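Being a predicted model, the structure only gives us computed values, none of them experimental.
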Amino acid sequence: MKRATLRVPGLGGKSNPVSRAHSALSRLTSRNLPLTFDYLHPQPSHLLDLTLGDLLPHARRRGGDNSILPSVESAIPLPVGHHLVYFPPQVTLSQLLADGTDTLHSPGEPFNRRLWAGGRVRFPTRSGLVLDGSRAVCIETIRDIVTKGRSGEEKVIVRIERRIGTVQESEQETDIRDRLWRESEEDCGQSSIIEHRDLVFMREKSLEELDRDRVGFQKRQRIVKSPSDPEVRHNVTPTKALLFRYSALTFNAHAIHLDEAYTRDVEGFRGLLVHGPLTLTLLLAAIQPYLANSGRTIREIEYRNLTPLYAGEMLSICGKPKLAKHNAAWDVWIEGKDGGLAVRGTVRFDTM
């Protein structure tokens, strides 16, 4: 399998001070991540539906009672985006760091703070996955590592690829990788879902930085202007209970979603942060019904998390067709409580 690369923009032919000072970065590029297996039972997807049902009632499952668990004997397709509550990290408690994140993708000291910066998800096959109890696998690869910023203030961006597909009980790991994984990112192989995740790792904040953050809690922050005239707008107020449920469904112990004192006093945020993948889940769950009503199926979404979203603060999920002629795509975004742009993305689709 081809190894990822370590790139430091702006350094040209100079030696890499980050890799010299923190050899864990170079080791991370050659890290072999284990295969993650799961069974495509309907329960996790069903619980996610129940969690989102009051927030996005138009996105509820059609043709049945939403309080009844679907049967594998009359299996339904995996809803778009619901793969996020399958294939949780297979780690022990000793493999969790002080902030509750796992060690699988961490570059190590001094980059101890992690945020979800965005990503891309593709759904290459029209048939997709079905919640029939079959065995499936997620092949995870660290595709790329980039450092940005001046020496002493670097951020490390770890770009992860996850390829998901069904497998047979007796299928060997080498055969699985041969079927699903490809050296070229654009070659889908036999994968049903391909997701890229950008995780940004940062240094811990100093006491002076945290003091400045606390002062800034009460100040109006700079607003990034959102696109105008959305065709779809849906307002949601994420609660602490929503964050807890999503953390439980995704086996995510990251303290910035669960521990308000930690989030404020160690990370320097004014409240509990909405998960990066939860913003992706909300975008897909809100937009998909509008596209499905006009005979369109989501094939890809790219998105970028620009500013934090907080529990207890209303957000608006928005979308509209792109202006480019013959472009089968929508602009999608999420606005924060002040109307500023917090998440921006593009959804591309096929007609049915």
Just checking, is any N or O donor in the side chain of [X] or [Y] under 3.5 Å from an acceptor N or O on the other one?
X    : Y    : answer
S247 : H254 : no
E204 : N112 : yes
R296 : S294 : yes
H105 : E140 : yes
T279 : Y303 : no

Counting only N and O atoms by type, is there a donor-acceptor contact under 3.5 Å from the side chain of [X] to the main-chain atoms of [Y]?
X    : Y    : answer
Y86  : T250 : no
R233 : D229 : no
D99  : T101 : yes
N305 : W116 : yes
K322 : W330 : no

Within 45° cone and under 6.0 Å: R113 NZ/CZ vs F201 ring:
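Relative to the ring axis of F201, which defines the angle, R113 lies outside at least one limit.
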Does E186, at its CD atom, have more than 12 non-hydrogen atoms belonging to other residues, nucleotides or ligands within less than 6.0 Å?
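Counting other residues, nucleotides and ligands, CD of E186 exceeds 12 neighbours.
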Side chain to side chain contact (heavy atoms under 4.5 Å, CB included) assessment of V167 paired with R179
CA-CA 10 Å; V167 295; R179 284 198 304 107; 3.6 Å; yes
Angle class for the H83/F123 ring planes (parallel below 30°, perpendicular above 60°, tilted otherwise)?
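Geometry flag for F123 against H83: perpendicular rings.
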